[in-house]
Amino acid sequence: CIVFFQPKIYSLIKINQPIVDYVWQLISVSIAAQIGTFPITLLYFGQFPLYFIFTNILIIPIATLIIYGAFLLFILSFSDFVAQIISSGLTYITQFLNSSISFIEDLPYAKINAFHLDGTESLLLLILVLICSFFIITKRINYLKLSITLSIIIASYNIYNGYIKHDKTLFVVHHLKDKSGIHFIDKNHACLYTSKKLSSQDIDIKYNVSPLWNNWRYPQKTSQPSHL
């Protein structure tokens, strides 16, 4: 997708200023990458990052610097003094990168969490991206009609799937870090009980339980964990 979409996106705006042009190149790469990966992102994370352009403008140059630095470290590893300097520099750069990503992630409205896709929907979205690509290449109206039809099918499937999930009952046992959790889900109610006290903002809730809430469309604010 980057190879296909990036040149077309980049060609939309002509910039003669080298620095601004470089930033526009990064933006076009970010948009192209997002087009190809967003179905997978929605499937596995249930969210869409709204600040991905700003994040990638920061990540791409720094990640490139880290790669070159690591390669240089490998070449000059015979010198302990030089290797120590490069290693320390890479450590600070990596810490800065992680801190910057965390800062952007914590900004208001940094992402949308209201996505509930399964494997079928993700596959249909990928097919939709391909069909849209064919339309861009060929300009054939049949591909446009097919993309509209597929969009309607995806929307209908999502509504039907949400209705089916909303009428089910689940009992889930979670193995969390240093603790266990029991999850009762009955239609539009969800209760989580844990062996140790933790808040709804705990990392275990964020990465192990929240995806289940998102997938089964339960508001997180109504599913606070309780300590057994």
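FYI, the numbering just counts along the sequence from 1.
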- Message: If we ignore hydrogens and angles and just use 3.5 Å, is the side chain of Ser77 paired with the main-chain N or O of Phe74 as donor and acceptor?
- Response: yes
- Message: Nearest 0.5 Å, please: how far is SG in Cys132 from CD1 in Ile35?
- Response: 9.5 Å
- Item | Pair Ile141-Leu144, side chain to side chain contact (heavy atoms under 4.5 Å, CB included): steps then yes or no | CA-CA 5 Å; Ile141 194 66; Leu144 178 60; 3.6 Å; yes
- Quick one: CZ on Phe135 to CG on Asn142, what's the gap to the nearest 0.5 Å? 10.5 Å
- Roughly how far, to the nearest 0.5 Å, is CG of Leu150 from CG of Leu125? 8.0 Å
- Query: With hydrophobic residues grouped by side-chain heavy-atom distances under 4.5 Å, do Val82 and Phe71 end up in a single group?
  - Reply: yes
- Item | Test item: Phe96 and Leu58 side chains (from C-beta on) under 4.5 Å apart, heavy atoms | yes
- Query: Is Leu126 reachable from Val129 through a run of hydrophobic residues whose side-chain heavy atoms are each under 4.5 Å from the next?
  - Reply: no
- At their closest point, which heavy atom of Ala110 faces which heavy atom of Tyr51, and how far apart are they? CA-CE1, 3.6 Å
- Item | For the student: nearest non-hydrogen atoms of Pro61 and Leu26, plus distance | CG-CD1, 4.0 Å
- Item | Nearest atoms (heavy-atom pairs only) where Ile154 meets Glu121 | O-OE2, 4.3 Å
- Say whether Ile19 and Ile57 are linked into one hydrophobic cluster, either directly or through other cluster members, by side-chain heavy-atom distances under 4.5 angstrom. no
- Candidate pair Gln25 and Asp21, rule side chain to side chain donor-acceptor pair (under 3.5 Å), full reasoning: CA-CA 6 Å; Gln25 289 183 41; Asp21 182 67; 3.0 Å; yes
- Message: The test is side chain to side chain contact (heavy atoms under 4.5 Å, CB included); show your working for Phe4 and Ile136 and say whether it passes.
- Response: CA-CA 10 Å; Phe4 174 76; Ile136 294 174; 4.2 Å; yes
- Kindly compute the distance separating OG (Ser99) from CD1 (Ile104), expressed to the nearest 0.5 Å. 11.0 Å
- Task: Could you tell me the separation between the CH2 atom of Trp24 and the CD1 atom of Ile13, rounded to the nearest 0.5 Å?
- Result: 4.0 Å
- Message: Parallel, tilted or perpendicular, judged at 30° and 60°: which one describes the rings of Phe38 and Phe48?
- Response: perpendicular
- Task: Using a 4.5 Å cut-off on heavy atoms from C-beta on, say whether the side chain of Ser30 contacts that of Phe54.
- Result: no
- Side chains of Leu12 and Lys8: does their closest heavy-atom pair fall under 4.5 Å? no
- Distance in Å, Leu124 CG paired with Ile153 CD1, rounded so as to fall on 0.5 Å steps: 7.5 Å
- Side-chain contact test, heavy atoms from C-beta onward, threshold under 4.5 Å: evaluate it for Thr149 versus Ile152 and give yes or no. no
- Message: Checking the side chain of Ser147 only, and the main-chain atoms of Leu128 only, is there a donor and an acceptor separated by less than 3.5 Å?
- Response: no
- Ile67, Val29: one ILVMFWY side-chain cluster at the under-4.5 Å cut-off? no
- Note on the structure: Taking every heavy atom of Ser11 against every heavy atom of Lys14, the minimum-distance pair comes out as O-CE, 3.9 Å
- Item | Within one Ile-Leu-Val-Met-Phe-Trp-Tyr cluster: Tyr68 and Leu97, side-chain cutoff 4.5 Å | no
- Contact summary for Ala32 and Gln6, nearest pair of heavy atoms: CB-N, 3.6 Å
